[in-house]
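Data first, discussion second: the structure below is written as structure tokens.
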Amino acid sequence: MPAYEVIDIPSHQPALVARVRHTAPDRANGALPVLFVHGASFPSGLSFDFRMDGQSWMDWMAARGYDVYALDFPGYGLSDRYAGAAASPPGRAREVTQDVGSAVDAILRRTGKPQVLLVGHSWGGSVVARYAQDHAAKVAKLVLFAAITPRAAADPAPAAAPAKPVDAYEALTPAQRIAAMDGLRPPQEPPLLHADVFARWGAQWLASDGRRDGAVSFPAGPSADLADLQQGRSYYDPARLAMSVLLVRGEWDAWPGDADYRTLQAAIKGATYVTIARGTHVMHLEAARVQLYETVRGFLD
């Protein structure tokens, strides 16, 4: 069973250390290194490195010769936690983009390669898009998997309230998180999540945090980012993505929906858009995951 290495990197907050998982290939294929970036609420170990039938997405890529890395943002998984209350929710995209940069730079130093292949999921997709728009020379190809997109505001945005201390974290129990993921499928469809998610994922997610009795805490910043994107306040510009871009989503994903990704595709010159049948926003934990793996690998190759 492949083992992962842990790499410390500086984070956007000098007092905190962010960490990167690394799974080395048995035999390198000569490709550029791959960096996975997780979304909101759960870290890379419950996303790209969660084993189903004994193999994670990172394992699968390493078995095909890729040198694979995955970042945990501060507040998640292997990385340090924020302290107490803050004036604004911590861990927002504008801040943690720096952590993606630290991870990329560490990988380039270690490998001697000039660029990385960058894969971002959900809210993490919006973060890597923000990074890639400003660092095209370091990103050969960009995969936006179920990436949260800007949407036109349906209603005028409320006036900003005076800044006041807020909770740094939100919390969910594993049962709540699994139920929310299971509920993404159409109600008439059988469960799509792999059996190992129902059997083991919740306990591993709880163990990845351990600060609350029976619940997992995660930074509140991504929720504030999602509210901004929902109101048309975008922090990234798709038109500035100058590298090859793959947009991939499951057919039953509601955000990004098909219209969201067609709008994104129109804004990114030469972007490829693929929809995978019978998948949701967490397709990497579902029955369609191997089709997702193959689609991403085909683009990266």
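Counting only heavy atoms from C-beta outward, the side chains of Glu286 and Met283 approach each other to under 4.5 Å. Under the 4.5 Å side-chain criterion, counting only non-hydrogen atoms from C-beta, Tyr261 is not in contact with Val248. Residues Val68 and Trp60 have side chains not in contact (no heavy-atom distance under 4.5 Å, counting atoms from C-beta outward). Contact annotation: the side chain of Asn29 never approaches that of Arg64 to less than 4.5 Å [non-hydrogen atoms, C-beta and beyond]. The closest side-chain heavy-atom distance from Asp258 to Tyr273 is below 4.5 Å. Between Leu118 and Met243, every side-chain heavy-atom pair lies at or beyond the 4.5 Å cut-off. A heavy-atom distance below 4.5 Å is not found between the side chains of Phe36 and Val296. Between Phe48 and Val37, the closest side-chain pair of non-hydrogen atoms is not below 4.5 Å.
The shortest heavy-atom contact between Ala220 and Asp167 is CB-O, 3.8 Å. When every heavy atom of Gly257 is checked against every heavy atom of Arg151, the shortest pair comes out as N-NH2, 4.3 Å. Between Tyr69 and Pro33 the shortest heavy-atom distance is CE1-CB, 4.0 Å. Of all heavy-atom pairs between Pro90 and Pro222, the closest is O-CD, 4.4 Å. What you find for Leu241 and Ala129 is that their closest heavy atoms are CD2-O, 3.5 Å. In plain terms, the two heavy atoms of Ala146 and His121 that are nearest each other are CB-CD2, 3.9 Å.
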Apply side-chain hydrogen bond (donor to acceptor under 3.5 Å, both in side chains) to the pair Gln98 and His12, showing each step before the final yes or no. CA-CA 6 Å; Gln98 297 177 50; His12 67 281; over 6 Å; no

Begin from the C-alpha positions of Asp49 and Ser56 and carry the test side-chain hydrogen bond (donor to acceptor under 3.5 Å, both in side chains) through to its verdict. CA-CA 5 Å; Asp49 211 20; Ser56 70; 2.7 Å; yes

Checking Val197 against Val282 for the side-chain contact (heavy atoms from CB on, under 4.5 Å) test, could you report, in this order, the C-alpha distance in whole Å, the side-chain angles of both residues, the deciding distance, and whether it holds? CA-CA 11 Å; Val197 176; Val282 291; over 6 Å; no

Please lay out, stage by stage, how Val216 and Arg177 fare under the test side-chain contact (heavy atoms from CB on, under 4.5 Å). CA-CA 10 Å; Val216 177; Arg177 191 67 189 91; over 6 Å; no

Given Phe73 and Val100, is the side-chain contact (heavy atoms from CB on, under 4.5 Å) satisfied, shown in steps? CA-CA 8 Å; Phe73 287 116; Val100 177; 3.9 Å; yes

Verdict with supporting geometry, His281 and Met181, side-chain contact (heavy atoms from CB on, under 4.5 Å): CA-CA 8 Å; His281 195 72; Met181 293 192 294; over 6 Å; no

Take Ser126 and Tyr235, measure what side-chain hydrogen bond (donor to acceptor under 3.5 Å, both in side chains) needs, and give me the verdict at the end. CA-CA 8 Å; Ser126 72; Tyr235 43 79; 2.7 Å; yes

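A donor-acceptor distance shorter than 3.5 angstrom exists from the side chain of Glu95 to the backbone of Gly91, with no hydrogens or angles considered. Panel note: side chain Ser234, backbone Tyr236; a donor-acceptor pair is recorded below 3.5 Å. At least one donor-acceptor pair closer than 3.5 Å links the side chain of Trp201 to the backbone N or O of Leu46. Without hydrogens or angle criteria, Glu5 side chain to His22 main chain gives no donor-acceptor distance under 3.5 Å. In terms of modelled atom types and a separation under 3.5 Å, the side chain of Ser47 and the main chain of Pro43 share no donor-acceptor contact. The backbone N or O of Ala179 sits nowhere less than 3.5 Å from a side-chain atom of Asp182 that would complete a donor-acceptor pair. Side-chain N or O atoms of Arg278 include none that pairs as donor or acceptor with a backbone N or O of Ala288 at under 3.5 Å. The main-chain N or O of Arg19 is found under 3.5 Å from a side-chain atom of Ser79 such that the two form a donor-acceptor pair. Remark: side-chain polar atoms of Arg262 are not paired, donor with acceptor, to backbone N or O of Asp260 under 3.5 angstrom. A distance-only check finds a donor-acceptor pair linking the side chain of Asp72 to the backbone of Ser44 [under 3.5 Å].
By the 4.0 Å N-to-carboxylate-O rule, Lys113 lies too far from Asp67 to be salt-bridged with it. Under the 4.0 Å criterion applied to side-chain N and carboxylate O atoms, Asp225 and Arg130 are not assigned as salt-bridge partners. A salt bridge does not link Asp105 to Arg109: none of the charged side-chain nitrogens sits closer than 4.0 Å to a carboxylate oxygen.
Under the 4.5 Å side-chain heavy-atom criterion for Ile, Leu, Val, Met, Phe, Trp and Tyr, Leu285 and Phe198 are members of the same hydrophobic cluster. No single ILVMFWY cluster, assembled from side-chain heavy atoms under 4.5 Å apart, contains both Leu78 and Phe218. Val119 and Val290 fall within the same hydrophobic cluster, where Ile, Leu, Val, Met, Phe, Trp and Tyr residues are linked whenever their side-chain heavy atoms come under 4.5 Å apart, directly or through other members. Hydrophobic clustering keeps Leu192 apart from Ile178 (ILVMFWY residues linked when any side-chain heavy atoms are closer than 4.5 Å, directly or through intermediates). Cluster annotation: Tyr4 and Trp205 are assigned to distinct hydrophobic clusters (Ile/Leu/Val/Met/Phe/Trp/Tyr, side-chain heavy-atom contacts under 4.5 Å, transitive).
Tyr82 and Tyr169 have tilted rings, their planes meeting at an angle from 30° to 60° on a 0 to 90° scale. Under the 30°/60° scheme for interplanar angles, the aromatic rings of His284 and Trp57 are found to stand perpendicular.
To the nearest 0.5 angstrom, Leu247 atom CG is 8.0 Å from Thr272 atom OG1. The distance from the CE atom of Met58 to the OH atom of Tyr66 is 14.5 Å, given to the nearest 0.5 Å. Residue Leu264 holds its CG atom at 11.5 Å from CZ of Arg249, rounded to the nearest 0.5 Å. Atom CG of Asp196 is separated from atom CZ of Phe50 by 5.5 Å, given to the nearest 0.5 angstrom. Note that CD1 of Ile276 is 4.0 Å distant from OG1 of Thr295, once rounded to the nearest 0.5 Å. The distance from atom CE of Met61 to atom CG of Leu300, rounded to the nearest 0.5 Å, is 5.0 Å.
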